[in-house]
Student: 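The structure that follows is given in the form of structure tokens.
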Amino acid sequence: MGSTRPQRLLRAVQKNSTRGDPQSVISAIDHFCRHKEWAMNVGDEKGSILDGVVSEVNPSTALELGTYCGYSTVRIARLLPPGSQLITLEFNPAYAAVAKQVIAWAGLQDKVQLVEGPSGDLIPQMKELFGVKSFDLVFIDHWKDRYLADAQLLEECGLLRKGSVLLADNVICPGTPEYLEYVRNSPRYESRYFKSHLEYTQAEDGLEKSVFLG
Ligand SMILES: O=C(NC/C=C/[C@H]1OC[C@H](O)[C@@H]1O)c1cc([N+](=O)[O-])cc(O)c1O
Ligand SMILES: [Mg+2]
């Protein structure tokens with residue numbers, strides 16, 4: 001059984017970055033994806049937009065849907081204030097196993113709770129599992145056809161408060177048309193599009209930032 005792309009990405013992190021240095025982990029993954037093998041991380045260009053939103057929101061409690069190899073998990077967690085928590089949900093056990101090691105290599109394991117399982121089942125358990133009252137920031141980057149259902153589930157579970165920010169990746173490519181239509185037309189959100197490119201390519205993509213109005 002040969003190695004998988006996530007396993008090769010992890011090896012590149014361990015070889016080309018410094019343990020405990022999140023920025024070097026981010027750079028090593030971006031280098032691997034640009035020069036060796038493309039992978040579906042949010043990437044450096046959209047990652048800078050993500051950084052800006054994380055810094056602006058300065059979340060005490062953040063949620064990420066779709067961990068993959070942990071690239072955006074590291075980007076977010078490295079900016080979190082002391083005492084704050086990032087919960088990240090990943091359905092695929094092989095991805096979760098790699099992400100756990102990437103997060104630990106970056107030295108951010110104390111700020112991150114990585115939970116394996118389907119987001120639709122886990123979101124309703126956030127309060128009881130982690131004592132979460134509400135999320136200040138949600139980064140949505142998992143299955144594109146789950147964005148809308150999970151945003152509505154977060155509302156129904158009372159996990160969003162006035163001012164909570166949803167930031168969604170890939171709203172153009174691969175695209176999340178029904179989610180976009182919802183957040184842009186619902187009176188419960190103030191939505192804005194950040195134009196960018198699909199990670200490591202020239203194709204258009206972007207992030208949609210939607211503030212929940214309560
Ligand atoms: O499917 C994408 N992400 C969803 C990830 C799906 C997988 O991770 C969560 C779940 O375990 C699933 O197996 C994606 C796809 C592209 N793409 O260009 O195909 C670009 C991106 O940024 C993406 O987040
Ligand atoms: Mg993505």
Side-chain angles (χ1 to χ4, degrees), residues 6 39-43 46-47 49-51 53-54 57 59-77 79-80 84-100 102-103 108 111-130 132-161 164-183 186 188-189 191 194 198-199 205-212:
M40 60 181 171
N41 317 116
V42 72
K46 288 186 290 178
I49 300 167
L50 170 62
D51 290 355
V53 173
V54 173
V57 175
S60 302
T61 312
L63 174 68
E64 174 179 60
L65 303 179
T67 317
Y68 188 42
C69 295
Y71 174 89
S72 47
T73 320
V74 167
R75 285 202 83 110
I76 296 165
L79 298 175
L80 292 182
S84 53
Q85 272 286 313
L86 169 61
I87 297 169
T88 183
L89 310 184
E90 176 51 57
F91 173 77
N92 181 316
Y95 294 168
V98 165
K100 194 174 165 67
V102 168
I103 294 158
L108 294 167
K111 288 181 174 291
V112 177
Q113 299 272 7
L114 170 52
V115 191
E116 268 182 61
S119 52
D121 297 351
L122 292 171
I123 287 169
Q125 299 178 56
M126 285 294 109
K127 295 197 178 207
E128 65 186 290
L129 281 178
F130 300 106
V132 171
K133 263 174 52 46
S134 61
F135 290 110
D136 306 309
L137 173 69
V138 183
F139 180 55
I140 312 175
D141 193 20
H142 60 337
W143 272 318
K144 308 317 161 195
D145 61 3
R146 282 290 320 172
Y147 281 33
L148 178 54
D150 285 345
Q152 292 174 325
L153 187 57
L154 284 163
E155 290 176 33
E156 287 151 22
C157 294
L159 286 165
L160 301 181
R161 47 107 178 140
S164 289
V165 172
L166 303 187
L167 188 65
D169 189 27
N170 309 118
V171 296
I172 302 301
C173 178
T176 63
E178 58 169 19
Y179 172 80
L180 267 193
E181 201 272 332
Y182 177 71
V183 289
S186 165
R188 306 189 76 182
Y189 291 92
S191 211
F194 290 76
L198 178 67
E199 48 267 25
D205 187 25
L207 302 175
E208 188 81 2
K209 177 191 170 195
S210 308
V211 182
F212 187 62

Student: Minimum heavy-atom separation for Asp136 to Ser60, with atom names?
Tutor: OD2-N, 2.9 Å
Student: Residues two or more places apart in sequence or in another chain: which of them pass ring pair (Phe, Tyr, Trp, His ring centres under 6.0 Å) with Tyr179?
Tutor: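 Only Tyr147 meet the ring pair (Phe, Tyr, Trp, His ring centres under 6.0 Å) criterion with Tyr179.
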Student: Could you check whether any side-chain heavy atom of Leu153 comes within less than 4.5 Å of a side-chain heavy atom of Pro124, counting everything from C-beta outward?
Tutor: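 The answer is yes, as the side chains (C-beta and beyond) meet within the 4.5 Å cut-off.
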Student: Among residues two or more places apart or on two chains, list those pairs meeting salt bridge (Lys or Arg N to Asp or Glu O under 4.0 Å) that have a residue in residues 111-130.
Tutor: none
Student: Going by heavy atoms in the side chains, are Ile123 and Leu89 under 4.5 Å from each other?
Tutor: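 Result yes, sub-4.5 Å side-chain heavy-atom pair found.
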Student: Could you go through Glu181 and Leu148, starting from their C-alpha distance and side-chain angles, then the distance that decides it, and tell me whether this counts as side chain to side chain contact (heavy atoms under 4.5 Å, CB included)?
Tutor: CA-CA 10 Å; Glu181 201 272 332; Leu148 178 54; over 6 Å; no
Student: What are the two closest heavy atoms between Leu114 and Ala96, and how far apart are they?
Tutor: CD2-O, 3.4 Å
Student: Between Ser210 and Ser191, what is the shortest heavy-atom contact and its length?
Tutor: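 Answer, listing the atom of Ser210 first, then Ser191: OG-OG, 2.7 Å.
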Student: With Lys144 as reference, evaluate Thr176, Asp169, Asn170 under the side-chain hydrogen bond (donor to acceptor under 3.5 Å, both in side chains) test and give the passing residue.
Tutor: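 By the side-chain hydrogen bond (donor to acceptor under 3.5 Å, both in side chains) criterion, Lys144 pairs with just one of Thr176, Asp169, Asn170: Asn170.
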Student: If you look only at pairs with a residue in residues 59-70, which of them pass as a salt bridge (Lys or Arg N to Asp or Glu O under 4.0 Å), with sequence neighbours excluded?
Tutor: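 Salt bridge (Lys or Arg N to Asp or Glu O under 4.0 Å) check on residues 59-70 returns no pairs.
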Student: Residues in side chain to side chain contact (heavy atoms under 4.5 Å, CB included) with Ile49, at least two apart?
Tutor: Phe194, Ser196, Leu207
Student: Tell me every residue that passes side chain to side chain contact (heavy atoms under 4.5 Å, CB included) with Pro177, counting only those two or more places apart in sequence or in another chain.
Tutor: none
Student: Given side chain to side chain contact (heavy atoms under 4.5 Å, CB included), test Ile140 with Asp150 step by step and report yes or no.
Tutor: CA-CA 9 Å; Ile140 312 175; Asp150 285 345; over 6 Å; no
Student: Give me the atom names and distance for the closest heavy-atom approach of Cys173 to Asp205.
Tutor: N-OD1, 3.0 Å
Student: Looking at CE of Met126 and OG1 of Thr61, how far apart are the two atoms once the value is rounded to the nearest 0.5 Å?
Tutor: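 Going from CE on Met126 over to OG1 on Thr61, the span is 11.5 Å.
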Student: For atom CZ of Phe91, decide whether the heavy atoms of other residues, nucleotides or ligands shown that lie under 6.0 angstrom number more than 12.
Tutor: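 Result for CZ/Phe91: open.
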Student: Under 4.5 Å between any side-chain heavy atoms of Val54 and Leu167, yes or no?
Tutor: no
Student: Mind checking whether Val42 and Tyr71 have side chains closer than 4.5 Å, heavy atoms only?
Tutor: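 Yes. Closest side-chain heavy atoms under 4.5 Å.
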Student: Do Phe135 and Pro59 have side-chain heavy atoms sitting under 4.5 Å apart?
Tutor: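 They are not in contact (no side-chain heavy atoms under 4.5 Å apart), so the answer is no.
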Student: State, to 0.1 Å, how close Leu50 and Ser72 come at their nearest heavy-atom pair, and which atoms those are.
Tutor: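 Answer, listing the atom of Leu50 first, then Ser72: CD2-CB, 4.1 Å.
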Student: State, with a plain yes or no, whether a side-chain heavy atom of Gln113 is found less than 4.5 Å away from one of Phe130.
Tutor: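 Gln113 reaches Phe130 side chain to side chain.
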Student: Could you report the tightest heavy-atom contact between Glu155 and Arg188, atom names first, then the distance?
Tutor: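 Shortest heavy-atom contact: OE1-NH1, 3.0 Å.
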Student: Can you spot which of Val102, Ile103, Leu86 makes a side chain to side chain contact (heavy atoms under 4.5 Å, CB included) with Leu108?
Tutor: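 Of all the options given, the one that passes is Ile103.
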Student: So, using side chain to side chain contact (heavy atoms under 4.5 Å, CB included) as the criterion, who are the partners of Asn92 when residues are at least two apart?
Tutor: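 If we apply the side chain to side chain contact (heavy atoms under 4.5 Å, CB included) test to Asn92, skipping adjacent residues, the hits are Glu90, Ala94, Tyr95.
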